Structure formats: structure tokens, C-alpha cells
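Some notes on the structure that comes next.
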Amino acid sequence: MPTQNAGAVAVGLKGVRGHRTTKNVVKERPSRMRKLNKHVKFVRDIAREVCGLAPYEKRTIELLRVGRDKRALKFLKRRLGTHLRAKGKRDEMSRTLTSQRKAQSHKKDVKE
């Protein structure tokens, strides 16, 4: 008779469990979410400064300007594919909008 493992799981058809097997030990996969590197952030900022905003980002900012946050989220979700990415992009665009407003008010203060 074959020996049976203590930590084994019986597999097979529901009424007739065929044979006992042990689970494979699977290594944990590395996470796809990485911490943003200082150099990568610098390069992305330079690229954003040179290239400007994409057309869909400009439209999102317009929607946020008139207070249509939910519509902006729905629009971004259609463009980016997932709810989480859309929320992140909406937050990024609202930060961009506030920084633009800050720069505008700072420009006015310097003129006066």
C-alpha cells in the first residue's frame, strides 16, 4: 500500500476521492506597485513641462473647472479603463488645476 502524507489533500471526483496530493509551494510574486524614484519623478516632470497636457487631460481640467467632478471621473474611466486609474488621474488633474490657479494669483500679486 502507498504511504499517505499527513498534510495531503484528497482530489478527484466529489463522491469518490481519488488520491491524496500535496500542494505546490509557490513563491510570492513581486508587487507591481513600486515606490517612485527621485530620478524618474524628475524626468516625468521635465517631460510634462515640455509636452504639456494631453487633450483628454485638458478636457478633464475644463470639467473640473466648472465643478463637474463626477462627469470628469466618468470621462476618465472611459479613457483610462479602470476606476482606480481614473480616480488617480482626477486627483492629479485637480492638483494641476490648483497649482495653475496659485500661479495665476501669484502673477497678479507680482503685477500689483
Side-chain angles (χ1 to χ4, degrees):
M1 259 182 90
T3 58
Q4 294 179 350
N5 303 13
V9 178
V11 295
L13 292 174
K14 187 167 182 175
V16 200
R17 297 287 182 216
H19 53 279
R20 292 176 175 269
T21 60
T22 55
K23 292 259 184 181
N24 283 342
V25 179
V26 182
K27 273 197 296 185
E28 193 173 318
R29 288 178 166 180
S31 173
R32 290 184 181 172
M33 300 297 287
R34 306 259 179 190
K35 190 172 186 293
L36 188 63
N37 195 347
K38 197 166 40 171
H39 180 68
V40 172
K41 185 181 185 317
F42 172 72
V43 169
R44 285 182 186 166
D45 288 343
I46 296 294
R48 172 52 57 97
E49 199 174 308
V50 171
C51 300
L53 298 171
Y56 81 95
E57 291 175 331
K58 289 177 184 171
R59 183 169 171 195
T60 304
I61 285 182
E62 283 304 314
L63 286 168
L64 291 172
R65 239 181 224 137
V66 295
R68 303 286 306 273
D69 290 15
K70 191 171 181 180
R71 172 57 57 188
L73 182 67
K74 287 176 89 170
F75 172 71
L76 284 168
K77 191 175 171 197
R78 291 287 297 156
R79 293 298 156 107
L80 299 175
T82 68
H83 186 70
L84 253 173
R85 286 179 181 175
K87 278 176 26 179
K89 181 61 82 172
R90 182 181 62 176
D91 293 342
E92 182 188 333
M93 290 297 106
S94 64
R95 282 195 303 270
T96 304
L97 184 60
T98 54
S99 68
Q100 284 177 356
R101 284 181 180 153
K102 236 181 241 180
Q104 196 80 345
S105 67
H106 183 68
K107 204 182 264 187
K108 281 183 183 177
D109 292 342
V110 171
K111 272 188 177 179
E112 292 173 357

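This is a predicted model, so every value here is computed, not measured. These numbers come from the heavy atoms of this one structure, side chains and all, not from hydrogens, waters or symmetry mates.
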Quiz item: For Arg48, does the CZ atom have more than 12 heavy-atom neighbours from other residues, nucleotides or ligands under 6.0 Å away?
Solution: yes

Quiz item: Any ion pair linking Glu92 and Arg95 (charged N to carboxylate O, less than 4.0 Å)?
Solution: no

Quiz prompt | Interatomic distance, Thr98 atom OG1 to Met93 atom CE [nearest 0.5 angstrom] | solution = 11.0 Å

Exercise. To the nearest 0.5 Å, tell me how far Thr96 OG1 sits from Ile61 CD1.
Key: 5.5 Å

Quiz prompt | In one Ile/Leu/Val/Met/Phe/Trp/Tyr side-chain cluster, 4.5 Å: Leu53, Leu64 | solution = yes

Please list every donor-acceptor pair under 3.5 Å in which a side-chain atom of residues 33-44 meets a protein atom from a residue at least two apart or in another chain.
| residue | atom | partner | partner atom | Å |
| --- | --- | --- | --- | --- |
| Lys41 | NZ | Asp45 | OD2 | 3.3 |

Which atom pairs, one a donor and one an acceptor, fall under 3.5 Å between side chains of residues 72-91 and the rest of the protein, sequence neighbours left out?
| residue | atom | partner | partner atom | Å |
| --- | --- | --- | --- | --- |
| Thr82 | OG1 | Arg85 | N | 3.2 |
| Lys89 | NZ | Glu57 | OE2 | 2.7 |

